[in-house]
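Heads up, the thing below is written out as structure tokens.
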Amino acid sequence: MVVKFVVNSKKRAYKGPPFKRLIDVLRDDFGLTGTKEGCGEGECGACTVLIDGQPVNSCLVPVGQVENCKVETVESLGSSAELHILQKAFLEEGSAQCGFCTPGMLMTSLAWIRNGGSDKSQEIREYLAGNLCRCTGYQHIINAVIGAVREYKKAKARRKGLFLPSPRVSGERAG
Amino acid sequence: MRMRIVGTSAQRKEGIFKLRGQALYVDDYKLKNCLYGATLRSAIAFGRIKKIEFDPDYSWQNFIVVTAKDIPGKNCVTLIEQDQPLLAEERVLHPMEPIVLVAHSLRSKAYEALNHIKVEYEAHDPVLTIEDSLAKKQILRRPDNVFKRYEINKGNIKEGFTKADFIVEGEYRAPHQEQAYIENNGVSAWVENDGTIVARGSLQCPYYVHKALKIIFNLPDDKIRVIQAATGGGFGGKEEYPSMLAGHAALLALKSGRPVKMIYDRHEDMLATTKRHPAIIRHKTGLAKDGKLTAQDIEIIMDAGAYITLSPVVLSRGTLHATGPYECPNVRVRSRAVATNSPPNGAFRGFGAPQTLFAAELHMEKLAQKAGIDSLELRRRNIFKTGSKTATGQVLKESVGISRAMKECAGISRYARIKKECDRWNKNTNNPTWRGIGMALAFHGGGFTGSGEVMLASRAAVALTKGGKIEVLAASTEIGQGATTIFAQIAAQALGVPYEWVEVAVPDTGRVPNSGPTVASRTTMIIGGLVRRAALQLKDEFIGKAKAVPKTRAALIKAAKLLCKGKSEVRFEVQFEKPGEIVWDEAAYKGDAYGVFSYGAVVVELEVDKLTYEVRLRNFFSAQDIGKAVNPLLAQGQIMGGSAQALGWALFENAVYKDGVMQNANFTDYLIPTALDTPAMKIKIIEEPYSHGPFGAKGLGEMPADIPVPAVAAAVYHATGLWFGELPILPEKICHEMLNRYSHNSLSPCGRGQGEG
């Protein structure tokens, strides 16, 4: 069976069993390993991707279900030259520690700011409650999302881009 | 060139890779021709293995199967002792003990095959509780089921009680806690053409794995190589277990000649790997009318599980922190770690101290209440000061920031005012909740206990390559705590070069020296100190051979050519040296247990719903003396993260066991705090510098997990008048206690709308 859908603005065709989990298709078939598996049962949110703009646990979605959908993963955010305002905020606020919940956390936060979410911490906490983090105690993540919401609104008002130049990185350590 | 990078919130070294989904964790590496391993585990808690049968109707031809017979060297996971087998052979001592390994090119097939292996057991009656172990229901460890015991004596405990005006006793029970790193345990392994076994995994201690593999495969040092992949959290949970997992993956790799990945799923990880030790702690304390402690008699019993693993050192740290940060002239602490037929318990942030400090601090509240003294005042009268003597007789010579921590924390939390506000709130029976506030204090020794650091003799290096790369070489792992960032900051500051010039090598035993394990709040304080010394050697060399430390990249490249003299790199490697004045007597358990202690205070504000008995955390405050915050943002992250873990243990995390098996081994039923459960946090960092720490830094990583629990219990007491000496403080427990209390006078425990009184 062939399932056609769009991943990070690129048309993709998946050939194989339609019940294969979306997370496995992304990681194994497409090599998009930014999406992480933490529990495999939709509790931790590490595997969160956006399907047609909505945050979804990709470990619970059979790939057959995303036919003709638009899927976005963490790899769609930023490049080596520029970071998305969310990534920049996460970096500056110390929101990523071990980094394993980070891709899912970013994707849920992305949906929040795109859908016009507020900068109120309690509302953000509620929206992010499906993404578990064991390192940070959440405060630094909430701080980053608050900052990003404000930046996003400013950027939209000025019709400016959402990407900011990436800080210089030394070394090749990808681990 | 004057530059200040230590003390600034420099950007996390590997941050961008993590934020772009590019950091490579063990399962993100593609391995050509890879097999996936799965583990057949013991279905019983205790017994003899009579027979292992492989389903004759199942097609085994594409599987690799490994049992204990395939182990080329010794069948053990070497840690403190060699009592834990890599694969059970004749007997099993706990449920989930590994017996058979299978591998297949499809992960699902490997797990499917486990259903076609039958193990026949002769089951024995298991020992599942501390009480059964002490009663010697079965002898699991000769002669009396006790793996390890300690006794600390100071002054004269009998005399201490004769001087007391109040004597208060209490029993406290701390349960299991799962580390719940978001990335499960996982290791991959392969065999190089020259026979070298390579393991790459999610791990904290590459050289622990290295040591274990050498013995399993009977190979020399240079034929084993262990590499850390990006690691999705550890918290102690990846201190010891990766040695087991690497052994398994490597056995399958050796037999198959192919790379093997073993990645646990959440269920298997929670069922099989280590947890925080459950403990029973009993206090008997004497107090004089003037609020001074006269005697502390403490008994600790920890459930080690089936094998000794790290239990002696967990027990040691628990024992050494059992008094709380108070000076008392007469102290006796007796402790034991006992064997049971449950999966071995192990390292978890705090390493025994959270259990014993929970008891010490809640007991302090109880004592205050019995003596009619404000609990903060009681603490003030007894807390450590410069010159105080601990239970082991250690004189606290410097860097004693506990009074400041307590004062600052009371200040930022407006403790006294909020306490009164809670009292007023609680008087109005129409309010839907009871409110409370609680404080707790901690001390936490940095680095290994006693002579531990001397025996470890850790090493670290700074290298300069001929291409002009400055690189820190250490086996300390980045597990989210910020080790790479801290090392780069320390090296850059010591050298006087920009932070961006310094890189930190991936921990790979083929390349980095043995810096010991990444545990015990030792990475900044001990290894950071080595990095600083190594960097200073390079600085001297720059000055000696190139006249000055280079100021530009071009000058650096020129200097590098000069210093390397045609070689690929020049290395400056240093080894730990014990500060001269530290003296420890292991046999008597007396002397300087740690080089220095860090200190902390926590205040928790919460409310208890009168209808559902749920506890809602309203605010969290902490002030911690860590000597020097090398990176304040990372330090805050450590404090908040460790605190959130402890808050989970206080209120939600309830590991349920039946027949030695965790019944709720998943995130649906074992609840860790979400963003909604975690309160807003305000942190104050205090810097009382330590003369032997790099730039004054002391330990930080573990202390945050030590005392949020007793602060919660104290706040629940303030809110409800109920003592909870057993964790977690679940709504149903509060409900039960409320009903008990009110059943005597037929009042409903509920507030609004429930017709109270």
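Note on naming: letters A, B, ... go to the chains in the order of the sequence lines (proteins, then strands), and numbering restarts at 1 for each one.
Here the SG atom belonging to A/Cys135 is positioned 9.0 Å from the CD atom belonging to B/Gln481, to the nearest 0.5 angstrom. The line from CZ of B/Arg20 to OG1 of A/Thr102 is 14.5 Å long, rounded to the nearest 0.5 Å. Atom OG in B/Ser643 sits 11.5 Å away from atom CD in A/Gln139 (nearest 0.5 Å).
Contacts of residues 41-69 of chain A with chain B at a heavy-atom distance below 4.5 Å involve A/Glu41, A/Glu43, A/Cys44, A/Ala46, listed in sequence order. Against chain B, the residues from residues 24-39 of chain A that qualify, each with a non-hydrogen atom under 4.5 angstrom away, are A/Arg27, A/Asp28, A/Thr33, A/Gly34, A/Lys36, A/Glu37, A/Gly38, A/Cys39 in number order.
Using a 4.5 Å cut-off between heavy atoms, B/Glu471 does not touch chain A at all. Of the atoms belonging to A/Tyr138, it is side-chain heavy atoms, and not backbone ones, that fall under 4.5 Å from chain B. Proximity to chain A (any heavy atom under 4.5 Å) is shown, for B/Asp265, by neither the backbone nor the side chain. Proximity to chain A (any heavy atom under 4.5 Å) is shown, for B/Asn666, by both the backbone and the side chain. Residue contact with chain A, scored on non-hydrogen atoms closer than 4.5 Å, involves the side chain of B/Phe235 exclusively. Looking at A/Thr136, only its backbone comes within 4.5 Å of chain B, counting heavy atoms on both sides.
With respect to chain A, the highest number of heavy-atom pairs below 4.5 Å among B/Asn184, B/Ile672, B/Ile479 belongs to B/Ile672. The candidate from A/Glu93, A/Glu92, A/Met105 with the greatest count of non-hydrogen atom pairs under 4.5 Å with chain B is A/Glu93. Contact count versus chain A (heavy atoms, under 4.5 Å) is highest, among B/Ile182, B/Ile639, B/Asp27, for B/Ile182. Ranked by heavy-atom pairs under 4.5 Å with chain B, the list A/Arg125, A/Gln122, A/His84 is led by A/Arg125.
Side-chain atoms of B/Arg12 come within 3.5 Å of backbone N or O of A/Ala96 as a donor-acceptor pair. At distances below 3.5 Å, at least one donor-acceptor pair connects side-chain atoms of A/Gln97 with backbone N or O atoms of B/Gly637.
For the pair B/Leu19 and A/Leu91, the minimum side-chain heavy-atom distance is below 4.5 Å.
The two residues A/Gly137 and B/Ala644 have their closest heavy-atom pair at CA-CB, 3.6 Å. Summarising the geometry of B/Gly232 relative to A/Cys98, their closest heavy-atom pair is C-SG, 3.3 Å, with the distance given to 0.1 Å. Pairing each heavy atom of B/Phe667 with each of A/Leu132, the nearest pair is CD1-CD1, 3.8 Å.
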Stepwise side-chain contact (heavy atoms from CB on, under 4.5 Å) test for A/His140 and B/Leu633: CA-CA 9 Å; A/His140 282 163; B/Leu633 186 70; 3.8 Å; yes
List the atom pairs, with distances to 0.1 Å, where a side-chain N or O of residues 7-19 of chain A and a protein N or O form a donor-acceptor pair under 3.5 Å, not counting sequence neighbours.
unit_1: A/Asn8; atom_1: OD1; unit_2: A/Thr73; atom_2: N; d: 2.8
unit_1: A/Asn8; atom_1: ND2; unit_2: A/Thr73; atom_2: OG1; d: 2.9
unit_1: A/Tyr14; atom_1: OH; unit_2: A/Pro17; atom_2: O; d: 2.8

Side-chain donor/acceptor pairs under 3.5 Å, residues 676-685 of chain B, sequence neighbours excluded:
unit_1: B/Asp677; atom_1: OD2; unit_2: B/Thr674; atom_2: N; d: 2.9
unit_1: B/Asp677; atom_1: OD2; unit_2: B/Thr674; atom_2: OG1; d: 3.0
unit_1: B/Thr678; atom_1: OG1; unit_2: B/Thr674; atom_2: O; d: 2.8

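The environment of A/Lys153 atom NZ is dense: over 12 non-hydrogen atoms of other residues, nucleotides or ligands sit within 6.0 angstrom.
Salt bridge status for B/Glu653 with A/Arg134: present, with a side-chain N to carboxylate O gap under 4.0 Å.
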